[in-house]
Every structure is written in structure tokens, then in C-alpha cells.
Participant: 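Encoded as C-alpha cells, here's the structure I'll be asking about.
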Amino acid sequence: MTEPITPDGETERDEAREVARPPGSNTPETFVVVGGGLTAGRAVETLRSDGYEGRIVLLTDEEELPYERPPLSKGYLLGNDPRSVVFCHDESWYAQNRVEVRRGVRATMLDTTEHLLTLDGYHELRYDQLLLATGSRVRTLDVPGAQLPGVRYLRTLDDSDDLLALLRAAGGGRRMVVVGAGWIGLEVAAAGISHGLSVTVVEPEPCPLRRVLGDELGGFFTALHTDHGVDFRFGASVEEIRGERGGVAGVRLSDGTELPAELVVVGIGVRPAVELAVAAGIAVDDGIVTDERLRTSAQDVFAAGDVADSYRPWLGRRLRVEHWSNAQDGGVAAAHSMLGHDHVYDQVPFFFSDQYDLGLEYSGFVDDVAAPDVRVVYRGDPASREFIAFWLRGDRLLAGMNVNVWDVSGHIEAIVKAGRPVDVARLTDPSVPLESLAG
């Protein structure tokens with residue numbers, strides 16, 4: 001590793017390096033967590049609650065304390081929840097629990113042989129156990145005009161702060177184009193409607209959420225948003241964002257349509273933030289590869305949350321999940337593994353969404369909703385907007401989504417995880433308690 005050199009040629013390596021635990025000393029171990037999201041917050045919380053007394057250092061490249069992301073596109077963006085609702089803990093909690101939170105700090109290099117992190121390209125920190133909870137980054141739109149003021153993304157708290165201010169200032173019929181009809185795009189569209197904007201959603205697929213839910217339920221969400229005034233443009237993509245007087249003036253689509261707009265919000269997915277792991281030679285596939293205990297290919301290095309491509313015994317394969325519960329549960333599981341507990345992380349994916357007066361929870365995983373052997377059945381009538389949808393392969397339940405029906409997600413998860421045949425007639429019968437099918 002190249003040593004930093006001062007102007008007079010003296011090496012500053014010793015001053016820049018923090019020693020975690022010198023050989024032969026009684027200094028407590030140092031556990032380092034890289035990340036500022038819910039995974040990181042839950043990991044350090046669990047380390048302390050499980051009795052770890054050593055040093056904990058949490059590194060985040062944002063200026064905020066660790067926070068969770070769902071409110072950024074839900075209650076906070078709607079203006080219903082205070083900003084404070086996003087944070088895992090307040091500042092006093094970290095002080096009381098002796099967690100060193102270093103904000104605005106980037107881990108730029110990882111030496112897994114020496115157990116050494118380089119921070120901001122210069123400062124060095126040794127670790128005994130390391131958790132990579134680096135999360136994911138938004139995929140950006142690569143078209144002319146994509147860098148104009150008035151083009152926004154939603155991933156960080158700063159993004160949500162900025163977008164909320166724009167939505168509040170732009171009400172009264174101002175026009176917003178949302179690029180992408182995934183969960184974030186639909187939640188942003190709902191927020192725009194609630195703030196009084198005119199909203200158009202552009203989506204290349206023929207309906208929202210097609211790859212997640214399929215055509216039939218994608219049509220359900222089309223109707224939900226259309227009923228609230230959203231205009232959809234399906235089968236088209238953005239070719240150019242036009243500017244005027246330093247801001248956004250409109251969007252030109254691939255079919256030649258021109259959409260006037262003062263604000264454009266892009267929600268076309270995320271990618272795992274694996275750069276640190278790749279540079280360190282840690283195995284990476286769809287994300288940082290881990291086993292069922294969230295251990296990476298490097299000794300004493302773990303990964304959890306959005307960035308982790310983890311083996312799930314119940315599924316028999318690795319899976320990377322970008323949802324709240326994976327961050328929540330993964331942070332807890334990683335802490336257990338860092339402490340040497342025999343803890344297998346085998347959670348069924350779960351997420352939730354709130355749009356207008358509709359709330360939903362989804363439990364399970366379907367690798368291809370369009371596969372000919374996958375079907376969807378219902379308990380209740382989707383037209384009533386109170387129902388449960390189930391995805392099955394044969395008589396095995398793959399996933400379930402409860403819409404405005406509550407206290408059932410745990411039962412759905414149990415049925416999915418059991419992997420046993422289910423009686424579809426009983427599954428779809430509202431008079432049959434779901435817990436009776438969980439076994």
C-alpha cells in the first residue's frame with residue numbers, strides 16, 4: 001500500500017493509523033460497521049444488547065445518523081410524519097452505548113489480510129470484525145437533459161428533504177413526470193397527487209410492477225392510481241428531458257409524445273454498492289456473496305442488507321433483497337454472527353407499501369411471475385380493494401400479498417417457508433383461518 005507523504009517527505013502513516021488491538025494486548029476488540037442505513041443501526045444495537053463490550057465504530061458517508069428508508073417515500077414525503085421518524089436512534093443513544101459514529105466518512109480501501117480499512121483515501125482503521133452494510137445506489141437516467149435542475153432521485157434522506165420541499169412548493173396543478181412504475185415510482189406518484197400536482201408516470205412495460213406482480217395485479221395498481229388522477233404512459237421510455245430558463249420544461253418520449261413538466265422524478269431501480277468489496281477481492285455476484293450466516297469470502301468480514309447476496313436454506317439458493325425487513329433482520333443476524341453465535345439467516349422476504357388509502361404487505365419470493373407454471377389466486381375480491389393474492393407453483397405457495405387485510409403476513413410467511421403442499425380451496429376460502437394452513 002502506498003504511504004501518504006507530507007510536503008517535507010516525512011511519512012504520516014503512524015499518525016494516520018488507528019490500531020484496533022495490538023498483538024498480545026488486553027485492548028478490547030474493535031468491530032466496525034460500514035453503512036448508515038437500518039442494517040447498520042440494527043447491527044450496532046444488537047451487538048450491545050447481546051453483551052458485546054468492545055469498541056464499535058460505525059462509518060457512514062452521509063452526514064446523518066443511521067436511518068431507515070421507507071418513510072422517505074411514504075409518511076415523511078407525504079408530509080404526515082416528522083423528519084425524526086426516520087432515525088434508528090437519536091444521538092444520545094450512540095453516546096450512551098459507546099458507539100462511535102463517524103459521519104461524512106468514506107471507506108475507500110479494504111485490506112482483508114491486514115484487517116485494515118482506509119478512510120477517505122488516507123486515514124487507516126484496523127478492525128477485528130467488519131460488517132459491510134453499504135446498501136445500494138440509484139440507477140441513473142442516461143438521456144439528454146438528465147442533469148438539469150428539477151430532475152430528482154429518491155434514495156437518501158437529503159433526496160427526500162429536497163423532494164418534499166419541491167412538492168410543497170409546486171402544488172396547485174404544477175406538473176410532475178415520474179420515470180418508472182415500480183414501488184418507489186408509485187409511492188412518489190401518490191405523494192405528488194397528495195400535494196396537488198398533476199402526475200404522469202412513464203413506464204416501458206404495459207403496466208406497473210409487471211415483473212413483480214404480473215399483468216393482472218399490475219392492472220389493479222393502474223386502476224388504483226388512475227382513480228386518483230395519475231396519467232400513465234405505458235410502452236414508452238424517456239428519450240430527452242427538455243430544459244428552459246435553467247429548469248425542466250418537459251419530457252420527450254420514445255413514441256414522440258411531449259409531456260410538459262416542471263419536475264421529473266426518476267425511479268428506475270438501484271444497484272448494490274459493492275465497489276469496496278470488489279476492490280478487496282471479496283466474492284461478488286448479484287451483490288456481496290455470503291453464506292447463511294452472512295459471512296463473506298474474506299475472514300472476519302460479513303455483509304448484510306441491500307448489498308448482500310445471501311444463501312437462504314429455505315429457498316435453496318442465494319438471494320439479494322432490497323426491502324426494509326431484510327435490512328432490519330439482516331442487521332440483527334449479522335451482529336449475531338460477528339459475535340460467533342450459531343445463527344442462520346433464513347428469512348422470507350417481506351415488504352410493505354402505502355398508496356393513498358391502500359396498504360399492503362408482501363411475503364415470499366417469486367422468481368418469475370410470468371412462468372407458465374406460476375398462477376395467482378385470491379382470497380377475497382380485488383375489486384373491493386380488501387383481499388389477499390397468492391402465487392403458487394403447483395400446490396406450493398411461493399408468496400402472498402395482503403391488501404388492506406391485516407395480521408396475516410406471519411401466517412403467509414410460515415406457509416411459504418414450510419414448502420409443503422397446500423389445499424388451494426382452503427387457502428382461498430375467507431372462512432378458513434390462515435394459521436390453520438401454516439402447520
Side-chain angles (χ1 to χ4, degrees), residues 38-39 69-70 135-136 182-184 186 205 208-218 220-221 269-272 285-294 303-334 344-353 360-379 387-403 405 408-422 424 427-428 434 437-439:
L38 180 60
T39 304
R69 301 187 188 279
S136 54
W183 295 112
I184 292 295
L186 294 184
E205 296 283 356
L209 303 165
R210 188 187 190 207
R211 296 179 184 178
V212 181
L213 304 181
D215 289 331
E216 191 171 327
L217 281 162
F220 170 85
F221 282 93
V270 297
R271 55 183 178 84
D285 189 2
D286 181 40
I288 299 175
V289 173
T290 83
D291 64 10
E292 67 275 15
R293 289 174 173 79
L294 301 178
D306 284 14
V307 76
D309 185 12
S310 302
Y311 183 77
R312 310 295 177 98
W314 72 271
L315 191 59
R317 53 163 285 190
R318 292 199 314 268
L319 183 65
R320 190 175 68 83
V321 179
E322 298 167 356
H323 301 306
W324 173 88
S325 69
N326 186 56
Q328 160 86 11
D329 299 335
V332 173
V344 173
Y345 183 57
D346 197 25
Q347 298 300 106
V348 172
F350 168 89
F351 66 86
F352 66 95
S353 182
L360 67 88
E361 297 170 324
Y362 180 105
S363 306
F365 173 71
V366 186
D367 54 0
D368 182 5
V369 294
D373 60 343
V374 173
R375 58 175 170 151
V376 60
V377 297
Y378 301 96
R379 172 181 285 223
F387 66 95
I388 308 175
F390 299 103
W391 287 264
L392 298 109
R393 176 172 283 120
D395 56 3
R396 263 52 171 198
L397 183 64
L398 303 176
M401 182 177 70
N402 45 297
V403 177
V405 177
V408 296
S409 60
H411 304 314
I412 295 171
E413 177 183 328
I415 301 169
V416 169
K417 196 168 186 179
R420 293 190 295 267
V422 295
V424 177
L427 183 68
T428 56
L434 278 177
L437 302 175

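Just so it is clear, the model here is predicted, and its values are computed rather than measured. All values below were derived from every heavy atom in this structure, side-chain atoms included, with hydrogens, water molecules and symmetry-related copies excluded.
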Participant: Is a side-chain N or O of R211 found less than 3.5 angstrom from the main chain of A370, in a donor-acceptor match?
Facilitator: no
Participant: Any side-chain heavy-atom pair from L397 and L437 closer than 4.5 angstrom?
Facilitator: no
Participant: If we only count heavy atoms from C-beta on, is the S363 to V416 side-chain gap below 4.5 Å?
Facilitator: no
Participant: Going by heavy atoms in the side chains, are E361 and F350 under 4.5 Å from each other?
Facilitator: yes
Participant: Please find the pair of heavy atoms, one from D306 and one from E322, that lie closest to each other, and give the distance.
Facilitator: OD1-CA, 3.4 Å
Participant: Would you check if F351 and V321 make a side-chain contact, meaning some heavy-atom pair closer than 4.5 Å?
Facilitator: no
Participant: Please evaluate residues L434 and I412 with respect to the criterion side-chain contact (heavy atoms from CB on, under 4.5 Å), reporting the C-alpha separation (whole Å), side-chain torsions for both, the decisive distance (0.1 Å), and the verdict.
Facilitator: CA-CA 7 Å; L434 278 177; I412 295 171; 4.1 Å; yes
Participant: Please tell me if the side chains of V212 and W183 come closer than 4.5 Å, counting only heavy atoms from C-beta onward.
Facilitator: yes
Participant: Check whether any side-chain heavy atom of R393 lies under 4.5 Å from a side-chain heavy atom of D367, and answer yes or no.
Facilitator: yes
Participant: If you take the centroid of each ring, where Trp contributes its six-membered ring, are F220 and F387 closer together than 6.0 Å?
Facilitator: yes
Participant: Please round to the nearest 0.5 Å and tell me the distance separating atom CD1 of I288 and atom CG of L294.
Facilitator: 11.0 Å
Participant: Determine, for R318 against D285, whether the closest basic-nitrogen to carboxylate-oxygen distance falls under 4.0 angstrom.
Facilitator: yes
Participant: Restricting to non-hydrogen atoms, name the atom on R312 and the atom on D346 that form the minimum distance, rounded to 0.1 Å.
Facilitator: C-OD1, 3.5 Å
Participant: Using a strict threshold of under 4.0 Å (side-chain N to carboxylate O), is an ion pair present between D373 and R396?
Facilitator: no
Participant: Minimum heavy-atom separation for D286 and P272, please, with both atom names.
Facilitator: O-CG, 3.0 Å
Participant: Report the C-alpha separation of D215 and R210 in whole Å, then their side-chain angles, then the decisive distance to 0.1 Å, and conclude whether the salt bridge (Lys or Arg N to Asp or Glu O under 4.0 Å) test is met.
Facilitator: CA-CA 6 Å; D215 289 331; R210 188 187 190 207; 2.6 Å; yes
Participant: How far apart are the closest heavy atoms of P208 and L186, and which atoms are they?
Facilitator: CB-CD1, 4.0 Å
Participant: Are the side chain of D395 and the backbone of V422 linked by a donor-acceptor contact shorter than 3.5 Å?
Facilitator: no
Participant: First locate atom CZ of F365, then atom CG of L315, and finally report the distance between them rounded to the nearest 0.5 Å.
Facilitator: 6.0 Å
Participant: Which atom names give the shortest non-hydrogen contact between V307 and A303, and what distance separates them?
Facilitator: CG1-CB, 4.5 Å
Participant: Which pair of non-hydrogen atoms, one from A308 and one from R320, has the smallest distance, and what is that distance?
Facilitator: O-CG, 3.2 Å
Participant: Does a side-chain heavy-atom distance below 4.5 Å link M401 with F390?
Facilitator: no
Participant: Taking the side chain as everything from C-beta on, heavy atoms only, tell me whether R379 gets closer than 4.5 Å to V405.
Facilitator: no
Participant: Please evaluate residues V377 and L392 with respect to the criterion side-chain contact (heavy atoms from CB on, under 4.5 Å), reporting the C-alpha separation (whole Å), side-chain torsions for both, the decisive distance (0.1 Å), and the verdict.
Facilitator: CA-CA 8 Å; V377 297; L392 298 109; 3.4 Å; yes
Participant: Would you please classify the geometry between the Y362 ring and the W391 ring as parallel, tilted or perpendicular, with 30° and 60° separating the classes?
Facilitator: tilted
Participant: As an exercise, state the distance from CG of L360 to CZ of F352, rounded to the nearest 0.5 Å.
Facilitator: 9.5 Å
Participant: Does any N or O in the side chain of W324 come within less than 3.5 Å of the main-chain N or O of R69, such that one atom is a donor and the other an acceptor?
Facilitator: no
